[in-house]
Structure formats: C-alpha cells, structure tokens
Amino acid sequence: MHSADLLVSNGTVITMDAADTRIENGAVAAKGEKIVAVGGADAFAKWRHTRHIDAAGGIIMPGLVNTHTHLPMSLF
C-alpha cells in the first residue's frame, strides 16, 4: 500500500508541464518536501496519509515563485 505525508485531492491539478496537462478531480501526494505522485483522485483512494487537504473543487498547482516581483506586471 502506498503512503504519503500529505494528500491534496478533489481539485483541478495544473501540472505546469510542457503539454499544459490539467487533471480534473485530481490529487497530489507528497512525502516530506517531495511530490511522490500526481493523478486522478480515484487512484489515491487506498493511500494512507498523515494529513489530507480537500481542495473543494479548487486548483492544485505548484507554488508561485517570486510573485512579489511579477504581480504588478499583471496590471500592464
């Protein structure tokens, strides 16, 4: 059985890969500071996890890096 420290599920996963893949009703599993699996939420039904975050239909995406610099540019 698979396990994770953190499971975030029930959201749209934005992978930021070259193909701009988006996974509706997706999930992301992490151990420590590393993402160990990404996929449809159904695939994680039997995973053991220490902590679970229900994204409640929201977006699951990588952290925004250096947003303080780029946020004002969106106004241009």
Side-chain angles (χ1 to χ4, degrees):
M1 180 175 291
H2 298 286
S3 65
D5 296 330
L6 173 65
L7 179 64
V8 183
S9 64
N10 189 28
T12 301
V13 177
I14 311 247
T15 63
M16 304 300 290
D17 65 4
D20 195 28
T21 304
R22 293 166 193 250
I23 304 169
E24 298 294 329
N25 191 27
V28 175
K31 276 189 179 182
E33 295 182 10
K34 294 187 180 196
I35 294 173
V36 293
V38 176
D42 293 341
F44 295 87
K46 295 185 179 183
W47 278 57
R48 290 182 304 164
H49 52 276
T50 306
R51 183 174 174 217
H52 177 249
I53 296 175
D54 181 354
I59 296 173
I60 304 168
M61 61 186 259
L64 299 173
V65 179
N66 203 12
T67 58
H68 66 279
T69 302
H70 301 285
L71 183 61
M73 290 179 200
S74 65
L75 299 174
F76 294 120

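When every heavy atom of S3 is checked against every heavy atom of W47, the shortest pair comes out as O-CZ3, 3.6 Å. Contact record, K46 with M1: O-SD, 3.2 Å, taken as the closest heavy-atom pair. Residues S9 and A27 share a closest heavy-atom pair of CB-CB, 3.8 Å. Across all their heavy atoms, A4 and A29 have their closest contact at CB-CB, 3.8 Å.
Rounding to the nearest 0.5 angstrom, the gap separating the CG atom in D17 from the CZ atom in R22 is 10.0 Å. We find the CG-NZ distance between D5 and K34 to be 12.5 Å, quoted to the nearest 0.5 Å. The structure places CG of L6 at 8.5 Å from NE2 of H52, a figure rounded to the nearest 0.5 Å. From I59, atom CD1 reaches atom CD1 of I14 across 5.0 Å, with rounding to the nearest 0.5 Å.
Checking each of V8, I60, N10 against I53 for a side chain to side chain contact (heavy atoms under 4.5 Å, CB included) leaves exactly one that passes, namely V8.
Without hydrogens or angle criteria, T15 side chain to T21 main chain gives a donor-acceptor distance under 3.5 Å.
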